[in-house]
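Below is one structure, written out as structure tokens, with a few remarks after it.
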Amino acid sequence: MTLKIYNTLTRDKSEFEPIEKGKVRMYVCGPTVYDNAHVGHAMSALVFDVVRRYLTYNGYDVHYVMNFTDVDDKIIDRARRLGVEPIDLAEKYIEEYKQNLQDLNVLPATDHPRATNEIDQIIGMVEKLIEKGAAYEVDGDVYFRVESAKDYGKLSGRSLDEMNAGSRIRVDERKENPMDFAVWKSAKEGEISWDSPWGPGRPGWHIECSAMNLGHLGDQIDIHGGGNDLIFPHHENEIAQSEAITGKPFARYWMHNGMLQLKGEKMSKSTGNLIPIGEFIEAHPGDVMRLMVISSHYRSPLTFNSEVIEANERALDRLLSAKKPAQADAQGAPKEILDQLANQVEATQQGFDESMQEDFNTAGALGTIFDLVRMINQARAKGATDEELSQAQQVFTTLTGVLGLELKTREKSASNADVFIDLLLDLRQELRALKNYALSDQIRDQLAELGVVIEDTAAGSTWHWE
RNA sequence: GGCGACGUAGCCAAGUUGGUAAGGCAAGGGUCUGCAAAACCCCGAUCACGGGUUCGAGUCCCGUCGUCGCCUCCA
């Protein structure tokens, strides 16, 4: 396999080679847990879930770490306003996020570390940075000295000169360079804090990710992921800190997903245009969200609106159609059709890999899966038996599984109304036999209004919830 | 102002190293059906605009217009 990955650091696509053969160390920046997560977070989680699944599918042993930032200004502010402890607030949203991920069929990370569990490690790192002259303390705060990192700006493609020149940052006189950033923040009166050599305080945002990386994955990792809004300053700073500490190149491949666009704008807290994951999940299957994400390239912005949601709901139905069993009276399909089906299975397997290997081109991969769907349905329509369909359906299930699609066949229901609906269907069947179509259609229409969709086939009628 | 990405049919969207455009949704026509539904078949673009390189460009170069992201917390 020759997998190519677009690397933000080098700004090109290059062949993926892990540090250690057969193993992948992968870290993705998780959310700051001060409120419910929105579908933009879901996009990022889904993108990297697919990356992880594809690597696993190719035989890599993937160690996947996704962190939670569970202490920072926003958490503290919100907790204070709500009159609760910051830790409890964070805990609540961590649990909620984990549930969101489960609803989206995102595999749990190998580790889900949190900043507050890494304080000792962080303090140790800050000490080391000071020792090495890469950080300095002022009034209980510790700042990273950006000028100590000779290649600062290499990820985001900026230079310190440029940044300082057009700077919109209010200058803190205590800093040596306006771009210096906090690795340790002194606590204000009454704020949650931990003791440190510089007095009570808490970690800066960037250092915690460095700590969790180094602590859980080692000095060097293969893939570091996150939204492209994190490139600067977060990931830039993570590199500076980590490399200052270890003296080694930090992550080999930096992957960044594009932003989800709602009403033509990035979905974000500050502008108030957002949809919580929970809200979306209540209205649509998780597969719909996933389908939206994988039907475009992960680095592009994702168009998110009701039209696209609806289109993908239909697309999901179409995928589900491939799983349907043979017709009740299936006699076997003509050889010509079965040959075409076999060819399509092969073409799809090959096309899937070719697309995925090209920087995880999930949209292309999905396209070739839809080709298989059409061929399966065609074979079924031409009388293929379950036996004749089975191999193609297995491949279909495997490949959609690599993309993380659940494709749960719609259960008849989760309620105990089933027996009554079955009863109505039986009744309707008899009315149809008597050619009393007025009444039988009335049953169908009224059930439809209640969300029950009836499908008549040669072998009888079936139903499912809308 | 600086850095970066993008602009492909009504909508979403793919397009590997340049050789005449995947797929999904919608719309329309047809098969099947008592009628529907589902499924199947048929049907649509010269790729923002202008120039250039080339035998040949959506795919490389330059310019114009437009959209978006980052530069401040952010997936």
Side-chain angles (χ1 to χ4, degrees), chain A residues 4 8 11 13 28-32 34 37-48 66 69 72-74 153 156-159 162-163 165-170 179 205 225-234 256-261 264-271 291-292 295-297 299-305 307-319 321 324 327 351 354-355 357-359 361-371 373-374 376-382 432 435-438 440-441 444-445 448 453-458 461-464:
Chain A
K4 287 194 206 151
T8 308
R11 295 187 190 281
K13 243 189 269 183
V28 173
C29 286
T32 299
Y34 69 107
H38 57 68
V39 289
H41 296 106
M43 175 188 181
S44 187
L46 287 166
V47 162
F48 292 105
M66 180 194 271
T69 298
D72 93 316
D73 289 338
K74 293 191 295 289
S156 53
R158 308 151 198 249
S159 71
E162 280 169 9
M163 288 188 271
S167 178
R168 284 163 36 187
I169 303 166
R170 3 179 181 13
M179 298 310 296
W205 177 37
N228 69 15
D229 53 349
L230 296 180
I231 295 173
F232 189 88
H234 186 53
H256 293 97
N257 64 275
M259 295 291 102
L260 184 148
Q261 302 289 122
E265 272 188 335
K266 171 181 157 189
M267 173 170 297
S268 80
K269 208 72 196 166
S270 46
T271 50
L291 217 38
M292 282 195 279
S295 57
S296 79
H297 192 87
R299 280 190 283 121
S300 307
L302 179 65
T303 307
F304 192 94
N305 57 45
E307 210 177 343
V308 174
I309 293 172
E310 245 170 73
N312 280 286
E313 267 186 326
R314 300 304 198 84
L316 177 58
D317 281 341
R318 180 156 181 77
L319 287 175
S321 72
K324 289 183 180 171
Q327 293 175 329
E354 279 174 6
S355 291
Q357 286 175 14
E358 202 58 43
D359 194 28
N361 180 359
T362 51
L366 193 59
T368 190
I369 287 176
F370 273 109
D371 291 336
V373 170
R374 183 185 306 106
I376 288 173
N377 287 337
Q378 198 177 331
R380 186 195 300 102
K382 292 263 161 81
R432 292 180 68 209
K435 297 205 192 299
N436 187 340
Y437 296 120
S440 69
D441 286 354
R444 183 174 64 198
D445 293 346
V453 180
I454 292 177
E455 286 174 21
D456 296 329
T457 71
S461 302
T462 62
W463 66 272
H464 61 80

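Every chain is numbered from 1, with letters handed out A, B, ... down the list of sequences.
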In Watson-Crick or G-U wobble terms, both distances under 3.5 Å, what is the partner of B:A14?
-> none

When you compare B:G24 with B:C61, how far apart are their C1' atoms, in angstrom units rounded to a whole number?
-> 34 Å

Inter-nucleotide C1' distance (B:C3, B:G18), Å rounded = 29 Å

Just how far, in rounded Å, is P of B:A13 from CG of A:Leu260?
-> 11 Å

Separation of the C1' atoms in B:U53 and B:C42, to the nearest angstrom | 41 Å

Between A:Asp72 and A:Thr32, does any side-chain donor sit less than 3.5 Å from a side-chain acceptor?
-> no

Distance between P atoms of B:G44 and B:A5 (Å, rounded) | 36 Å

How many angstroms lie between CZ in A:Phe304 and OG in A:Ser296, if you round to the nearest 0.5 Å?
-> 12.0 Å

Measure the distance from CD1 on A:Ile369 to P on B:A13 and round it to the nearest whole Å.
-> 19 Å

With a non-hydrogen cut-off below 4.0 angstrom, is A:Thr32 in contact with a base, only sugar-phosphate, or nothing?
-> sugar-phosphate

Salt bridge (Lys or Arg N to Asp or Glu O under 4.0 Å), paired with A:Asp359, selected from A:Arg299, A:Lys13, A:Lys4 = A:Arg299

Is A:Thr303 near enough to B:A13 that one of its side-chain N or O atoms lies under 4.0 angstrom from OP1 or OP2?
-> yes

If B:A48 has a Watson-Crick or G-U wobble mate with both distances under 3.5 Å, name it; if not, just say none.
-> B:U64

Who is the Watson-Crick or G-U wobble partner of B:U54, with both distances under 3.5 Å?
-> none

Measure from CG on A:Asn257 to P on B:G69 and round the result to the nearest Å.
-> 14 Å

Euclidean distance, atom CD1 of residue A:Ile309 to atom P of B:C11 [Å, nearest integer] = 18 Å

Residue set satisfying side-chain hydrogen bond (donor to acceptor under 3.5 Å, both in side chains) with A:Asn257, at least two apart, ordered chain then number -> A:Ser44

Determine, stepwise, if the pair A:Arg374 / A:Asn377 fulfils side-chain hydrogen bond (donor to acceptor under 3.5 Å, both in side chains).
-> CA-CA 5 Å; A:Arg374 183 185 306 106; A:Asn377 287 337; over 6 Å; no

Checking salt bridge (charged side-chain N to carboxylate O under 4.0 Å, His left out) for the pair A:Arg444/A:Asp441: CA distance, chi angles, key distance, verdict?
-> CA-CA 5 Å; A:Arg444 183 174 64 198; A:Asp441 286 354; 3.6 Å; yes

Pairwise C1' distance for B:G58 and B:A48, with rounding to whole Å | 12 Å

Should B:C70 form a Watson-Crick or G-U wobble pair with both distances under 3.5 Å, which nucleotide is its partner?
-> B:G2

Classify every nucleotide of nucleotides 33-40 of chain B by which part a protein heavy atom approaches to under 4.0 Å, writing B for the base, S for the sugar-phosphate alone and - for neither, in 5'-to-3' order.
-> -BBBBSSS

Whole Å only: how far is the CG atom of A:Leu291 from the P atom of B:C11?
-> 20 Å

Give me the distances for all protein-to-nucleotides 15-22 of chain B N/O pairs that come in under 3.5 Å?
residue : atom : partner  : partner atom : Å
B:G15   : OP1  : A:Asn361 : ND2          : 3.3
B:U16   : O2'  : A:Glu358 : OE1          : 3.3
B:U16   : O2'  : A:Glu358 : OE2          : 3.3

Which whole-number value in Å describes the distance from A:Arg158 CZ to B:C71 P?
-> 7 Å

Please state the P separation for the pair B:A26 and B:C11 - nearest whole angstrom.
-> 16 Å

Nearest heavy-atom neighbours spanning A:Leu291 and A:Asn312 | CD2-O, 3.6 Å

Mind checking A:Gly351 for me? I need base, sugar-phosphate or nothing, with any heavy atom below 4.0 Å counting as a touch.
-> nothing

Could you check A:Asn228, A:Thr8, A:Asp229 and say which one makes a side-chain hydrogen bond (donor to acceptor under 3.5 Å, both in side chains) with A:His256?
-> A:Thr8

Taking CD from A:Gln261 and P from B:A75, how many angstroms apart are they, rounded to a whole number?
-> 15 Å

Round to the nearest Å and state the distance from A:Glu307 atom CD to B:G10 atom P.
-> 13 Å

Could you give the distance separating B:G23 and B:C41 at their P atoms, to the nearest angstrom?
-> 11 Å

So which heavy atom on A:Ser156 is nearest to which on A:Phe232, and how close?
-> OG-CD1, 3.4 Å

Just checking A:Gly226: base, sugar-phosphate only, or nothing, at a heavy-atom cut-off of under 4.0 Å?
-> sugar-phosphate

If you measure from the P atom in B:U8 to the same atom in B:C68, how many Å do you get, rounded?
-> 14 Å

How many angstroms lie between atom NE2 of A:His297 and atom OG1 of A:Thr362, to the nearest 0.5 angstrom?
-> 7.5 Å

Quick one: look up who B:A39 pairs with, Watson-Crick or G-U, both distances under 3.5 Å, and put none if it's unpaired.
-> B:U31

What heavy-atom pair brings A:Pro31 and A:His41 nearest, and what distance separates the two atoms?
-> CB-CD2, 4.1 Å

Nearest-nucleotide wise, let me know which of A:Arg299 and A:Glu310 is further upstream toward the 5' end of RNA chain B.
-> A:Arg299

Closest nucleotide among B:A13, B:A75, B:C70 to the A:Lys266 side chain = B:C70

